[in-house]
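Below: one structure, written as C-alpha cells.
This one's a predicted model, so the numbers in the text were calculated from it and none came from an experiment.
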Amino acid sequence: MPGFFASIFQWISGLFFSKQAEIAVVGLQASGKTSFVNVITSGQWSEDVVPTVAFNFRKIRKGNVTMKIWDVAGQPKFRSMWERYCNGVDAIVFVVDSVDHDKFNTARFELHQLLSQPTLTGVPLLVLGNKNDLTGHAAVKELIKNLQLDKISDRTVSCYSCSMKSQHNLDIVLQWLASRSH
C-alpha cells in the first residue's frame, strides 16, 4: 500500500510541480545523437538507426520533467543550422564518438565554432563521449583535453563517458538534464 500512496503523491506533485527542459542534441555524423534520443525516449537501443536529415523533434516526460529534444543532423551541410536549434534551449548536448579519434579535431572545431555564437552565451553544455563499450574509446580526461573543454569559461560544462547500447551512465545524464529545467 505505501507504493500506491507514493505513486499518487508523485502524480499529484507532477501536476503542480512539473518542470520543462528544452535541449538540443548536436555532434558530428554517426556519433550517436539519434541513438541517445531514442534510448532516453523509449529505453530501447537499436542498431538500425537512419541518419538524421535536418532535424528530429521529440517530446517526452520523465518523472515531473517534460523534455523537448531537438536532434540535429551532424553532416557538414547541416552544421550551420546548429545555432538555430540551440538558441533558447536550456542545455546543449554535444555527442562525440569516443572511439573515432581521427574526428576529435573536427569535433573540437565545430563545438567551439558553435559556442562562439553570441546568442548561445551561457547555455550549459553537456558533452557525451559515446561508445565507451568499445575498445579504444577515449576516457573523459582525454575528451576534455582533445575538445579543449577546460578552455570554455562562459557556461557550465559537464562531460560524461557513456554507451547508448548498454545505457551506461544514462541515469546520470538524465539527472543532469533534468536539473537544467525550469
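- The heavy-atom pair separating Val25 from Lys33 by the smallest distance is CG1-CB, 3.7 Å.
- Heavy atoms only, all atoms of each residue included: Asp97 and Ala30 are closest at OD2-O, 4.0 Å.
- Side-chain polar atoms of Thr34 and Asp71 form a donor-acceptor pair below 3.5 angstrom.
- Side chains of Thr66 and Ile60 form no contact here, defined as non-hydrogen atoms less than 4.5 Å apart.
- For the side-chain contact (heavy atoms from CB on, under 4.5 Å) test with Glu83, the passing option among Val72, Thr119, Val26 is Thr119; the others fail.
- Residues Asn132 and Ser161 have side chains that bring a donor and an acceptor to within less than 3.5 angstrom of each other.
- With a 4.5 Å cut-off on side-chain heavy atoms, Cys159 and Val140 count as touching.
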Verify side chain to side chain contact (heavy atoms under 4.5 Å, CB included) between Gln29 and Lys103, making sure each step is shown before the conclusion. CA-CA 10 Å; Gln29 68 274 17; Lys103 289 188 180 174; 4.1 Å; yes

Show your reasoning for whether side chain to side chain contact (heavy atoms under 4.5 Å, CB included) applies to Leu28 and Glu110. CA-CA 8 Å; Leu28 303 184; Glu110 294 294 347; 4.1 Å; yes

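- Between His101 and Ser98 the shortest heavy-atom distance is NE2-O, 3.7 Å.
- In this structure the side chain of Leu143 never reaches within 4.5 angstrom of the side chain of Asn146, judged on heavy atoms.
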Could you go step by step and tell me if Trp70 and Arg58 meet the side chain to side chain contact (heavy atoms under 4.5 Å, CB included) rule? CA-CA 7 Å; Trp70 298 96; Arg58 298 269 188 85; over 6 Å; no

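- A donor-acceptor pair under 3.5 Å links the side-chain atoms of His137 to the main chain of Leu134, judged by distance alone.
- Side-chain contact check for Thr106 versus Arg79: some heavy-atom pair is nearer than 4.5 Å.
- The closest side-chain heavy-atom distance from Pro124 to Asp90 is not below 4.5 Å.
- Inspection of the Arg108 and Gln113 side chains reveals no N or O donor paired with an N or O acceptor under 3.5 Å.
- Counting heavy atoms from C-beta on, the side chains of Met67 and Lys59 never come closer than 4.5 Å.
- With a 4.5 Å cut-off on side-chain heavy atoms, Val127 and Val96 count as touching.
- Between Leu126 and Tyr160, the closest side-chain pair of non-hydrogen atoms falls below 4.5 Å.
- The CD1 atom of Ile152 sits 8.0 Å away from the CG atom of Leu147 when rounded to the nearest 0.5 Å.
- The shortest non-hydrogen separation linking Val123 to Arg155 is O-NH1, 2.8 Å.
- Taking all atoms of both residues into account, the shortest heavy-atom contact from Ser31 to Asn130 is O-ND2, 2.9 Å.
- For the side-chain contact (heavy atoms from CB on, under 4.5 Å) criterion with Leu115, the lone passing option out of Leu120, Val157, Leu125, Asp154 is Leu125.
- Ring geometry, Trp82 versus Phe94: the interplanar angle exceeds 60°, so the pair is classed perpendicular (tilted spans 30 to 60°).
- Once rounded to the nearest 0.5 Å, the distance linking CG of Asn87 with CD of Glu22 reads 10.0 Å.
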Under the criterion side chain to side chain contact (heavy atoms under 4.5 Å, CB included), I'd like the reasoning laid out for Val93 against Val95: C-alpha separation, chi angles, the key distance, then a yes or no. CA-CA 6 Å; Val93 178; Val95 182; 4.1 Å; yes

